[in-house]
Every structure is written in C-alpha cells, then in structure tokens.
Chemist: 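First the structure, then my questions, so here it is.
Here is the naming used below: chain letters follow the sequence lines, and residue numbers restart at 1 for every chain.
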Number of protein chains: 2
Amino acid sequence: MSFEQMWRDLAPVGRSSTSGGYFRQPFETAEREAAAWFLEQCRARDLEVSCDEVGNLVGWWRPDPDVTGPGVLTGSHLDSVLDGGAYDGPLGVVSALAAIDLLRERGFTPAKPIGVSVFVEEEGSRFGLACLGSRLLTGATTLDRAKELRDRDGVFLLDAMDAAGVRSSPDVTSVAWPDLREQVDCFVELHVEQGRDLVDRGVPVGVASMIWPHGRYRFDFTGEANHAGTTRMEDRHDPMLTYAMTALAANKQARLSGSRATFGRVDVQPNGTNAVPSRVTAWMDARAESSQALEAMLADITRLAGERAERDGTGLTVNAESVSAVVDFDRDLAERIAAQPGAAAWPIIPTMAGHDAGILSQAGIPTAMLFVRNPTGVSHSPDEFAEMADCLRGVEALADTLEKLAR
Amino acid sequence: MSFEQMWRDLAPVGRSSTSGGYFRQPFETAEREAAAWFLEQCRARDLEVSCDEVGNLVGWWRPDPDVTGPGVLTGSHLDSVLDGGAYDGPLGVVSALAAIDLLRERGFTPAKPIGVSVFVEEEGSRFGLACLGSRLLTGATTLDRAKELRDRDGVFLLDAMDAAGVRSSPDVTSVAWPDLREQVDCFVELHVEQGRDLVDRGVPVGVASMIWPHGRYRFDFTGEANHAGTTRMEDRHDPMLTYAMTALAANKQARLSGSRATFGRVDVQPNGTNAVPSRVTAWMDARAESSQALEAMLADITRLAGERAERDGTGLTVNAESVSAVVDFDRDLAERIAAQPGAAAWPIIPTMAGHDAGILSQAGIPTAMLFVRNPTGVSHSPDEFAEMADCLRGVEALADTLEKLAR
C-alpha cells in the first residue's frame, strides 16, 4: 500500500467535522482506531508485533529468524494535541511503514531487525505528561508514579487503559523494557518540522542537532470572589488581573531573550460573568536554548508576577509540572544521516519541541531525527501541513537512513 | 418557626463541603430542595400558593376571603451564583416569611393580600439571562424567546424545567401574568447589601434609590492555533495576549471613570498547555452610574482592545448579551419606607446589582428595596455575611413596611 493510500486511510480518524483538526487523545476511540489501523498495516507486511502493557507498539521486520539482536527502531506516535494537525506523529509512523516498503522494493535485506514503533500519549494531551509511553519504557518514569495521573475528568491512567482493553491482550509485555539496549541499537524519528527553518533554507529534509530544554509550569493565582457589580474596583483582589499581566510579561520576556513562553491553558473559578474570580490557574509552556536561559526567564516572569500580585493583593504559587533538560542528539549519527552521495548534506538544525526521540536519547540510545519541511511552520493546529512531494522525499531519506544503519 | 430556625434549615441546602459556598442552580437538585422547603413554609403558615409555568412561586396571606384585589408582594429568590453566598436571595425570602409571622404576632390584619414571592433564575447562573423568572412574568422577555436558552451542557430551559417536574404540577398558571397590576399593587425586595455603604454610614438598614445600568458583553478574540514551542514569538497571532491586555484595560477604564468592569469568565480553545490558542472568549460585566457613562466606557475598552488586536494580528468581535437600563425606584415609596417614627430615616442609597425588583419596577409596579448591612461588602462568594442582629432588624423594617403598605 502506497504512502498516499495509507495517508488517505488514516486521514478521517478523529478529525473534527467543524475545525478539521484532530482529537486523538490516548485510549479514546479515535486514537484506538488509529492504533488498530497500525496493527493491520503490520499484519499486511508480516511484521512481528509486540505490545507493552501501556500500549506502546512495535512492528518488527526480521527477514529471517537469524536476524536477531538489537534492532534499528523508527517511528513516532498517533495521538494528537486537542484539535491538532494531521502530520505531528502520524507522518513518522506512515513514513516508517513506507520506508520498509521502499527497502523491500530496492531488494535490501537488513542485517539487523528494523522496528516501526508507535508510542502512546506523546503529546500529554490527556494525562498531562508528554512522552508518557517512551518515558515508561525507558524507565524515565515508573508505572507506579504514572498510576497517579488523571485526565481532566478525573479518570486514572490505568482505568483509561483498561476501558480501552490495552492490558487485556494476552501477549502484552512489561512496560519498562528491561533489556532496552538489547532490543534497540538506535532510534530514528521522522517528524514534520514545526518551524520554518527548512523553508528559509529551501530544502525538504533536515536532521536534528538538539532539543531545547522545556518546562511546563502551573501558576495558581488566588484572590477573593466577589460581586462584579457592587464591589468597588479599589476593594478587589482580582486574580484575573494578576494573571493577565503575567501572560503579557511572559510574552515580553520570551521576545527579549529569543526564547518561547506561552500561556495556552487557563482555568477560572467560579468562572461566572458577574463574579470576580476567586482563583485563576494558568499553565505556562516555556523553552529556551539552554537550561540557564530557561531558568533565568522563569525567574524574571515569576518575579514580575509576584510584584503584580502584591499590588493586586492576590496570592501566587508557581509549580514546575515537568521540566526536560536539553537533548543533544548523537552528532556522528546525525552527520552520517545527513550525508547524501553526490549532493549537499541535509542541514542539521535544532528543534524546540519535545519528542519521544529525546526520551530515548536520554536513555542512552543513539538517536536521530529527520524533519520534513512545513510550508507555514504552523503545527499543533488544523493548518499543519507538508507537501506530498516533501513527504515522499522524507520517506526516501528515512529509507536511506535505515539502509545505512541496518546494513 | 423563628427566623433563626428557618435560616438553620435552609443553610445546608446546596452548600459545597469544600468551599462552603452555594451551588443552587435553577431546576437542579439543591435549588428544587430550597423551593420545596419554601412550599412547606407556606403550608405551615396557611399561605395560598400559586406557581406559574416556569416555577415562580407566591405564597399569599389573605386574612379572609374578602381581602382581594392587588396585593403587596415581597420576596426575592433562592438560586445562587456558582459558589455563591448564603444571603443573596434567601435573606429576602426568609425575612418575608418572618415579617408575616411578626405582623401576625403584632395582631395586624392587612387590608390587602400580602404575598411572599420566590422568582426563578435571578442570577442567570445557568441560562445566562439574569432575572429570568421576573422577566418572563412581566413580559420583559417571552417564553418563546427563552425557549432558545441553553445551559453550559446544552440543555434547553424547558427540558431542564420538565426534568425537574416544574410544569407537571396540576395547577400551574401561565407565566406571563396577564393581570400583573391586578395582582400586584407594589413590590418590596429585601436584600443583603453587596457593598459597604451601610457599613460606612454605621446603620443596619437602607432603602434603594436606583440600580445602575448594567451590561454583559461577550468578547471573541480569534487567532491562529500553533505549537507553543516551535513557533517564533514574532510569528504568532495569539488571542490570549489581546485578551490579557483587554482585561487590564477594562479594569483601568472602570477605575478612571468610577464605574465597574470585570472579566470573570473565560473560555479558551483548545486550552492545551503546549498550544497557542486559536480562540479566547471572555465575558465582561460592566456597570456605571448612567447609560451614557456605561456606553462611553464600553467604547473606550472596545477601542483599546481593537488597537491591541491589530498589533497582535488577531480578530475581535464584541456582542452585548444583555443590557439593562438604569432603574429609578419610586421616590415617594422609598421615602415612606425610610421614615422611622422617632428616629432618623433609613438612608436612601443606590445599588450596582441587578434584582427582580428592577424588572418589576420597569414593568410599572411601584417597587422598593430594603438593604441589610454586610460587614465586609463581600457578596457572590462563600464569605458573604450579615450579622444576625442586623438580619432581625431587617425583618422588623420589612414588617413595618408591609404594615404601611397593606394597611
């Protein structure tokens, strides 16, 4: 089945008829349908499927039983952010399947197993912890800690998995892959680019150098609920004002430092039109080129928020919900992958987005990423896009990479 | 049954065990329980109950069948804002029942019927239109238009009423009271004060002069959903920033003009931590001393928001969801009520909050309000409070008023 055909098959799964965006939250219907589609594709290619107890999937290509030992893993994820795009995740999975097809067409026989992986809850859109599947399989987090995670409706992770029947399959393996390095020699994730670096350079494919450090911080602003009509402005302790100034300050600090800071999620209590709020909780996503730069920016924003809270007579606490250190991908591997016989090497560029590749890299697996050009740079949005010609160029680059690594 | 006993009876109904605040949304369990409690109190006093088709209740005291014609109506409401206080609404209902007890103790026989009323959905906390019950009975809005109202879960008004069995009672009357002036000679609503005017004056009771004009406006800020990590700050169209500046501007304009403006309700799409929002919808509650002042403030805020939207590359539309004109209460009636034999008259003061009394006044019914001192001025909050001694002083003032009006 061609790349185009697979892409068309997967396109309607979890797509909103109003926005055109995707809602593929882990262990919910649409995402399970996408996982079932992946298993079908594995069967159609005679890939040997393994499933761990949280739903991470790998379809292994072993040309004959003698081909054992650590394999070359490639893949991505099938879940989406809320109202996300079609490419973030699925492009890496579909390209991996298409790359295997291409290698078989080329008559290539790998000397090592090649696995196509689908990791669960990469976006953290349901349980709040990004790269949950890869964190669990590498031991970066434990199932015991993850058991405490709940979604917005209060559903626990394991209950969500059980409702989806993930653990009832008879041949699931334990999630913390005990022999990770014995199974995985190296990992390559292909991904749509989420910025415009490749557009500016005029090339369809790039290779990752690093992932910026990244943190998610919860800001709790507390005030005094009151009547919106009768309470004099000067008698208020309105946490919405402290929040509003903080959101503007975060934007300004990120611009000044060439970093990123975003308040995209807000929860207001009681959230009534005629009530001064008692509490505003807001989540800041922040990223910078180095951990020092990230910490300095967070400190500036926290200080400015605290000063405003003092003036507003409101309370403020800031909690880091997750912080990921910088990821420096294997430089030698990146250069090997970037090299093209008879042509200029693909550019080696940083990314500001977290990926399962970052988690596997931190677990000591030599890891690389390939990016496919995104004409607008827009992602995590229904407008996320890549040209079909660039996608097919990505499949070729991935097939070339797998040939180099599994020879 | 004494005021104190009634107050204790009603106190647990719909109270949150975590915040101590009240959740008495119309046609939901707690509010229906409060309505059933009221009907019991009417039966215990031999009041003749009438119920219209949306659930507005009146318990009429007719000392004998000859006492007919337009009556003196007093009362308030039993619903609350989300996480509201104990006093806003119930104080007027319980005080009305206690005032009837006091008049009977005094041996007073009214020459006109005296009715105790409970109007539904005064706060607009479920269907978004404040004073819904009194608007319907006065014809300020029609049932045909109200049929379109839905709550946050999409439930239509009539379905909510049917689920609560409001219209299945055999003797409901039509909601638009066709002979309003033949039933109601005048209306008096007792209410906890929602500011500190009486505290500053050092008196327990006041009488209303007017209600400030009041509007609820929906601001829709649209932008471009995008990845919070990879999108350069300068490439964003982030509606959260436009909203944040608007919330601060509204606060500033209200302070400058001695008015009120509050953003207490916000809805963000998609509301994900790692996504620049595609849309922020926020509701502004605004009030001012005159309609001109209200419109001028709205124009200033809208202009500032529009200027910021231009800089942010975001879209903005502003819709008035409801606007209430100024209410000037009957001056003669207020002065009659304020007069106290052998003591200084109660002060006559404005209020910034909407009330059913405002709706009845606009329908041409001579209307008055009594306020009971609130030590902190806090309302629409679990901290809303009035001293018991002041509440009992309020009951006496209301009984005195009813005596004057029903003599």
Chemist: How close do A/Arg196 and B/Asp235 get, counting heavy atoms only, and between which atoms?
Modeler: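 Answer, listing the atom of A/Arg196 first, then B/Asp235: NH2-CG, 3.7 Å.
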Chemist: I need the A/Asn226 CG to B/Asp383 CG distance, nearest 0.5 Å.
Modeler: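 Atom-to-atom, A/Asn226:CG and B/Asp383:CG are 8.5 Å apart.
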Chemist: Measuring heavy-atom distances to chain B, does A/Ala286 have an atom under 4.5 Å in its side chain, in its backbone, in both, or in neither?
Modeler: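 Interface part for A/Ala286: neither.
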Chemist: What pairs of residues pass the ring-ring contact (aromatic ring centres under 6.0 Å, His included) test when at least one of them lies in residues 266-287 of chain A, not counting sequence neighbours?
Modeler: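 Found none.
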Chemist: Could you measure the distance from the CZ atom of A/Phe263 to the CG atom of B/Leu241? Nearest 0.5 Å is fine.
Modeler: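 Here the interatomic distance stands at 10.5 Å.
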Chemist: Is any side-chain heavy atom of A/Arg260 closer than 4.5 Å to one of B/Thr231?
Modeler: no
Chemist: Judged by atom type as modelled, is there a donor-acceptor pair below 3.5 Å linking the side chain of B/Asn274 to the main-chain atoms of A/Asp285?
Modeler: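 Checking the backbone N and O of A/Asp285 against the side chain of B/Asn274, no donor-acceptor pair under 3.5 Å is found.
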Chemist: Using side chain to side chain contact (heavy atoms under 4.5 Å, CB included), reason through A/Asn271 and B/Arg152 one step at a time and then give a plain yes or no.
Modeler: CA-CA 12 Å; A/Asn271 211 29; B/Arg152 290 170 203 224; 4.3 Å; yes
Chemist: So, taking the atom named NE2 in A/His227 and the one named CG in B/Asp88, what distance separates them when rounded to the nearest 0.5 Å?
Modeler: 6.5 Å
Chemist: Residues two or more places apart in sequence or in another chain: which of them pass side chain to side chain contact (heavy atoms under 4.5 Å, CB included) with A/Ser125?
Modeler: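 A/Ser125: side chain to side chain contact (heavy atoms under 4.5 Å, CB included) contacts with A/Gln25, A/Pro26, A/Glu121, A/Glu123.
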Chemist: Please find the pair of heavy atoms, one from A/Ala254 and one from B/Met233, that lie closest to each other, and give the distance.
Modeler: CB-CE, 3.8 Å
Chemist: Considering only heavy atoms and a distance below 4.5 Å, find which of B/Leu248, B/Thr376, B/Val268 pairs most often with chain A.
Modeler: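 Max contact count across the listed options: B/Leu248.
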Chemist: What are the two closest heavy atoms between A/Thr230 and B/Ser379, and how far apart are they?
Modeler: OG1-OG, 4.2 Å
Chemist: Who wins among B/Pro270, B/Ala130, B/Ser259, B/Gly258 for the most heavy-atom pairs under 4.5 Å with chain A?
Modeler: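 That would be B/Pro270.
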Chemist: A/Glu224 vs B/Val378, test: side chain to side chain contact (heavy atoms under 4.5 Å, CB included). Steps then yes/no.
Modeler: CA-CA 9 Å; A/Glu224 187 177 82; B/Val378 169; 3.7 Å; yes
Chemist: So, for B/Thr262 and A/Ala275, which heavy atoms are closest and what is the spacing to 0.1 Å?
Modeler: CG2-O, 4.3 Å
Chemist: Distance check, rounded to the nearest 0.5 Å: A/Met352 atom CE versus B/Arg232 atom CZ?
Modeler: 9.0 Å
Chemist: Evaluate the criterion side chain to side chain contact (heavy atoms under 4.5 Å, CB included) for residue pair A/Val266 and B/Met240; output intermediate values, then yes/no.
Modeler: CA-CA 10 Å; A/Val266 179; B/Met240 186 70 87; 3.4 Å; yes
Chemist: Please give me the minimum heavy-atom distance between A/Thr273 and B/Arg265, naming the atom from each residue.
Modeler: OG1-CD, 3.6 Å
